[in-house]
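These notes are about the structure you will find just below.
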Amino acid sequence: MPWRDHERLLTKISTMYYIEEKSQQEIAESLKLSRSKVCRMLAEAKSAGIVQIVIKPPFSVCNDLEARFERQFNLREAIIINNHEDDNILMLLGQAGADYIKRITTADDIIGISWGQTLFHVVNQLQPFGISGTKVVQLVGGLSKGGQNVQAAELARRLGELFNSNPMLLHCPAVVTSPQVKQGLLEDENIKRVFDLGKSSTIALIGIGSMSIESQLFKHNHLNPEWHSLLTARGAVGDVCMRFYDKDGLPCCEELDELIMSISLENLKNIRTVICVAGGIEKAEAILGALKGGIPNVLITDKKTAEKILELEIEYRKGGRSI
């Protein structure tokens with residue numbers, strides 16, 4: 001076999017850089033080469049297969065599944081936790097959500113927040129991290145019964161405390177009795193100011209509700225059974241900020257929308273970063289609808305739910321709908 005000094009040099013440079021962890025400048029000085037030539041030869045070594053980089057993610061990481069979600073649903077980022085049977089999924093989702101908020105938030109951001117148990121765990125696990133002055137705004141009005149800790153106003157207060165800022169709160173119910181009452185409330189300067197700030201949010205932190213009769217909205221009678229029947233008949237699969245949508249993520253109940261005091265789906269989708277934190281296979285259909293409607297551009301969920309979402313997507317393509 002003929003002597004090939006070029007291949008030998010490629011191998012030597014690669015060994016020095018990747019194994020011996022020498023800098024490109026150190027290699028250049030040692031071998032009497034220019035730094036730019038060392039850089040080119042390292043690139044050539046990878047191209048020629050002399051250097052092959054293998055990444056072995058730990059068992060808890062779901063990179064392939066995350067990448068598939070990002071491609072299939074045009075997401076900026078998917079974060080999928082690989083949980084075990086005995087794990088507290090809400091706490092794990094909460095920690096993942098808190099970590100993401102810490103990674104992306106600046107003092108110049110405006111965070112809009114909805115309500116729910118999952119978001120309670122996000123806020124509960126978020127500790128001060130050196131960012132102060134970030135504005136916080138409530139995206140949906142108050143609920144009449146139960147679950148004080150998971151209401152949007154309380155979550156906004158807690159989030160505001162973390163950023164040393166006074167949150168903008170919606171002092172109105174989430175559901176009103178008539179379109180006329182809603183119109184009157186929207187004419188209130190304070191309420192209008194909060195809604196305007198909500199539409200100007202740079203980050204929205206949202207949960208997703210399912211159509212299960214055991215979901216928070218229906219279990220605590222925030223919406224009566226008649227609404228559940230009508231929404232089901234209209235093909236509703238879930239809600240964001242009490243805005244219900246069908247399997248394609250489209251609004252499906254104008255009558256109810258006219259009574260809801262919250263940001264609209266259209267305005268929500270205009271926010272730069274919409275983070276959906278939701279998990280559990282019972283929410284798979286609702287999450288899929290939100291994804292197909294382009295509501296969130298960041299999804300934080302668990303592996304089993306993610307796999308169920310992909311199964312449902314295949315069923316939809318074949319004309320099925322059951323879960």
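As a basis for the values below, the full set of heavy atoms in this structure was taken, side chains included, without hydrogen atoms, waters or symmetry mates. Along the sequence shown, residues carry numbers from 1.
For the pair Thr232 (side chain) and His228 (backbone), a donor-acceptor distance under 3.5 Å is present. Between the side chain of Arg243 and the backbone N or O of Pro251, no donor-acceptor pair lies under 3.5 Å.
Contact record, Gly249 with Ile295: O-CD1, 4.4 Å, taken as the closest heavy-atom pair. For the pair Ile89 and Gly279, the tightest heavy-atom approach, listed with the atom from each and the gap, is CD1-C, 4.2 Å. Annotation for Ser210 and Ala286: closest pair CA-CB, 4.2 Å, computed over non-hydrogen atoms. Thr301 approaches Ala278 most closely through the heavy-atom pair OG1-O, 2.7 Å. Closest of all the heavy-atom pairs between Val140 and Ala174 is CG2-CB, 4.1 Å. Between Ser201 and Val137 the shortest heavy-atom distance is OG-CG1, 3.5 Å.
With sequence neighbours excluded, the residues that form a side-chain contact (heavy atoms from CB on, under 4.5 Å) with Glu313 are Gln72, Leu288, Lys292, Tyr316, Arg317. With sequence neighbours excluded, the residues forming a side-chain contact (heavy atoms from CB on, under 4.5 Å) with Lys304 are Glu85, Ile281, Asp302, listed by chain and number. Applying the side-chain contact (heavy atoms from CB on, under 4.5 Å) rule to Lys46 yields the partners Tyr18, Val51, Ile53; only residues at least two apart in sequence or on another chain are considered.
Ion pairing between Asp196 and Arg193 fails under the 4.0 Å rule for side-chain N and carboxylate O. Looking at Glu154 and Arg157, a side-chain N of the basic residue comes within less than 4.0 Å of a carboxylate O on the acidic one, giving a salt bridge. The pair Lys318-Glu315 does not count as a salt bridge, with every side-chain nitrogen at least 4.0 angstrom from each carboxylate oxygen.
Residue pairs meeting the side chain to side chain donor-acceptor pair (under 3.5 Å) criterion with at least one member in residues 99-112, sequence neighbours excluded: Glu77-Arg103, Gln95-Asp99, Thr106-Asp109, Asp109-Thr202, Asp109-Arg272. Among residue pairs with one or both ends in residues 157-195, those qualifying as ring-ring contact (aromatic ring centres under 6.0 Å, His included) are Phe129-Phe163; sequence neighbours excluded.
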Can you give the donor-acceptor pairs under 3.5 Å from side chains of residues 112-121 to other protein atoms, not counting sequence neighbours?
unit_1, atom_1, unit_2, atom_2, d
Ser114, OG, Gly207, N, 3.4

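Between Leu256 and Leu230, the closest side-chain pair of non-hydrogen atoms is not below 4.5 Å. Contact annotation: the side chain of Lys303 approaches that of Cys62 to within less than 4.5 Å [non-hydrogen atoms, C-beta and beyond]. Between His222 and Val175 the shortest side-chain heavy-atom distance does not fall below 4.5 Å. For the pair Val122/Leu126, no side-chain contact is recorded, criterion being any heavy-atom separation below 4.5 Å from C-beta on. Contact check for Met41 versus His6: side-chain heavy atoms found under the 4.5 Å cut-off. Within the 4.5 Å cutoff, side-chain heavy atoms of Asn267 are placed close to those of Asn270.
Distance check, rounded to the nearest 0.5 Å: CD of Glu285 to NZ of Lys247 gives 9.5 Å. For the atom pair CZ (Arg234) and SG (Cys253), the distance works out to 5.0 Å, reported to the nearest 0.5 Å. Note: Ile191 CD1 to Lys182 NZ = 12.0 Å, rounded to the nearest 0.5 Å. The distance from the CD1 atom of Ile27 to the OG atom of Ser30 is 8.5 Å, given to the nearest 0.5 Å. To the nearest 0.5 angstrom, Gln138 atom CD is 9.0 Å from Leu155 atom CG.
In this structure, Leu139 is not a member of the same hydrophobic cluster as Leu169, with clusters built from ILVMFWY side-chain heavy atoms closer than 4.5 Å. Connection of Met91 to Leu93 is not established within any shared hydrophobic cluster, with ILVMFWY side chains joined at heavy-atom distances below 4.5 Å, either directly or through further cluster members. Note: the hydrophobic cluster containing Leu250 does not contain Leu312 (ILVMFWY, side chain heavy atoms under 4.5 Å, direct or indirect links).
For Lys135, the NZ atom is loosely surrounded, since the number of other residues' heavy atoms within 6.0 Å does not exceed 12.
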